[in-house]
Amino acid sequence: MSTKKFARESAVIMTEMVLPNDTNTLNNLMGGKLMHWMDVVAAIAAQKHSNSIVVTASADNISFQQPIALGNVVTLKAQVTRAFNSSMEVFIEVTAEDIPANKKVMTHRAFFTFVAVNENNKPSRIPELVPETPEEIENFEGALRRRQLRLVLAKRMKPEDAVELKSIFNLD
Ligand SMILES: CC(C)(COP(=O)(O)OP(=O)(O)OC[C@H]1O[C@@H](n2cnc3c(N)ncnc32)[C@H](O)[C@@H]1OP(=O)(O)O)[C@@H](O)C(=O)NCCC(=O)NCCS
């Protein structure tokens with residue numbers, strides 16, 4: 001297995017149309033349906049980076065500020081921002097488009113974490129990720145702080161060990 005891969009090699013674009021079965025009683029996309037699509041597109045990006053089976057370890061906070069209407073076309077873009085040992089952070093951006101009205105809006109951005117697992121469902125080592133563009137570098141650099149925050153919240157890391165995270169609050 002190659003030990004390094006470019007961030008762009010994991011890029012995935014998925015397009016869906018909001019159909020009646022996807023909606024709530026207000027004829028807007030159900031939040032759970034959107035999260036399902038986000039999970040799928042992000043899992044594909046994580047698989048592309050790791051060339052492995054992956055499982056969802058966590059999804060960072062997703063807020064629903066803007067409804068997506070029946071008939072809208074939803075585009076989900078996902079790309080791995082950084083790879084650690086067995087886990088990867090994936091950035092997902094969602095846009096909704098009303099094609100007849102010629103209107104397109106960015107509705108959601110989120111980070112999910114996936115873990116590559118082997119045939120025994122045990123975490124397995126993944127290639128290092130190499131960012132190239134300014135946006136990829138910014139996402140790569142922020143990923144360590146976000147990882148520490150989610151591991152502290154999941155009680156998998158002691159707050160005092162979250163050195164990168166503390167640095168943004170100037171606690172030292
Ligand atoms: C995610 C999972 C594989 C972690 O297994 P584990 O035995 O706890 O393994 P470890 O403690 O060695 O952690 C493995 C990696 O997962 C990461 N991880 C574990 N929990 C995490 C969380 N809540 N958020 C982010 N990353 C997490 C660890 O940081 C570690 O990353 P690293 O290898 O890059 O350093 C395991 O908890 C699992 O299988 N969960 C169920 C996954 C699933 O079914 N998802 C679908 C949703 S129903």
Side-chain angles (χ1 to χ4, degrees), residues 1-16 21-22 24 29-64 68 74 76-94 107-133 135-169 171-172:
M1 182 181 34
S2 153
T3 54
K4 284 187 183 180
K5 284 175 87 171
F6 291 112
R8 62 179 148 80
E9 294 179 74
S10 65
V12 182
I13 300 178
M14 187 171 117
T15 309
E16 298 280 346
N21 266 351
D22 306 324
N24 59 23
L29 177 63
M30 294 271 287
K33 186 72 190 184
L34 178 63
M35 287 191 282
H36 171 75
W37 288 342
M38 292 168 92
D39 199 24
V40 171
V41 73
I44 297 170
Q47 282 199 2
K48 285 180 76 169
H49 179 73
S50 62
N51 287 111
S52 170
I53 295 168
V54 299
V55 293
T56 316
S58 69
D60 291 4
N61 57 314
I62 304 169
S63 48
F64 298 95
I68 300 178
V74 179
L76 301 105
K77 292 185 186 174
Q79 188 166 308
V80 178
T81 61
R82 186 159 178 163
F84 296 95
N85 303 302
S86 65
S87 69
M88 294 148 273
E89 183 190 72
V90 182
F91 176 60
I92 307 141
E93 188 174 86
V94 181
T107 58
H108 298 82
R109 307 176 86 158
F111 293 97
F112 281 35
T113 301
F114 288 82
V115 176
V117 293
N118 63 19
E119 58 282 359
N120 300 315
N121 287 344
K122 296 290 174 209
S124 60
R125 192 87 199 173
I126 55 173
E128 196 180 312
L129 181 129
V130 181
E132 296 173 288
T133 68
E135 190 185 352
E136 287 170 1
I137 292 167
E138 190 183 338
N139 277 334
F140 179 91
E141 286 172 352
L144 191 53
R145 293 192 294 272
R146 290 188 295 271
R147 168 183 160 94
Q148 292 184 350
L149 178 59
R150 66 178 74 93
L151 292 180
V152 168
L153 291 174
K155 301 201 184 312
R156 285 177 167 266
M157 180 181 265
K158 292 181 188 155
E160 56 269 30
D161 294 336
V163 178
E164 290 285 326
L165 180 60
K166 277 196 286 186
S167 70
I168 57 174
F169 297 112
L171 293 178
D172 283 332

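If you read the sequence from its start, that first residue is 1, and numbering goes on from there. The structure displayed is predicted, hence computed values, not measured ones. Just so you know, ligand 1 is whichever comes first in the structure, and atom 1 is the first atom listed for that ligand.
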*Step-by-step side-chain contact (heavy atoms from CB on, under 4.5 Å) determination, Phe140 to Arg82*: CA-CA 5 Å; Phe140 179 91; Arg82 186 159 178 163; 3.5 Å; yes

Considering only N or O atoms, set out every pair between ligand 1 and the protein closer than 3.5 Å, with distances to one decimal place.
| from | atom 1 | to | atom 2 | distance (Å) |
| --- | --- | --- | --- | --- |
| ligand 1 | 8 (O) | Arg156 | NH1 | 3.2 |
| ligand 1 | 8 (O) | Arg156 | NH2 | 2.8 |
| ligand 1 | 11 (O) | Arg156 | NH1 | 3.0 |
| ligand 1 | 20 (N) | Arg156 | NE | 3.0 |
| ligand 1 | 24 (N) | Ser58 | OG | 3.2 |
| ligand 1 | 31 (O) | Ser87 | OG | 3.2 |
| ligand 1 | 33 (O) | Ser86 | N | 2.9 |
| ligand 1 | 33 (O) | Ser86 | OG | 2.7 |
| ligand 1 | 34 (O) | Asn85 | N | 2.9 |
| ligand 1 | 34 (O) | Ser86 | N | 3.1 |
| ligand 1 | 34 (O) | Ser87 | N | 2.9 |
| ligand 1 | 34 (O) | Ser87 | OG | 2.6 |
| ligand 1 | 34 (O) | Arg147 | NH1 | 3.4 |
| ligand 1 | 35 (O) | Asn85 | ND2 | 2.9 |
| ligand 1 | 35 (O) | Arg147 | NH2 | 3.0 |
| ligand 1 | 45 (N) | Thr56 | O | 2.9 |

*Answer yes or no: is there a donor N or O on one side and an acceptor on the other, between the side chain of Ser10 and the main chain of Val80, under 3.5 Å?*
yes

*Should the heavy atoms of other residues, nucleotides or ligands under 6.0 Å from NZ of Lys48 be counted, would the total exceed 12?*
yes

*asked:* Tell me if the CD atom of Glu135 is crowded by more than 12 foreign heavy atoms within 6.0 Å.
replied: no

*Would you call Arg150 and Glu89 a salt bridge, taking side-chain N to carboxylate O under 4.0 Å as the test?*
yes

_Results of side-chain hydrogen bond (donor to acceptor under 3.5 Å, both in side chains) for Asn118 - residues two or more places apart only_ = none

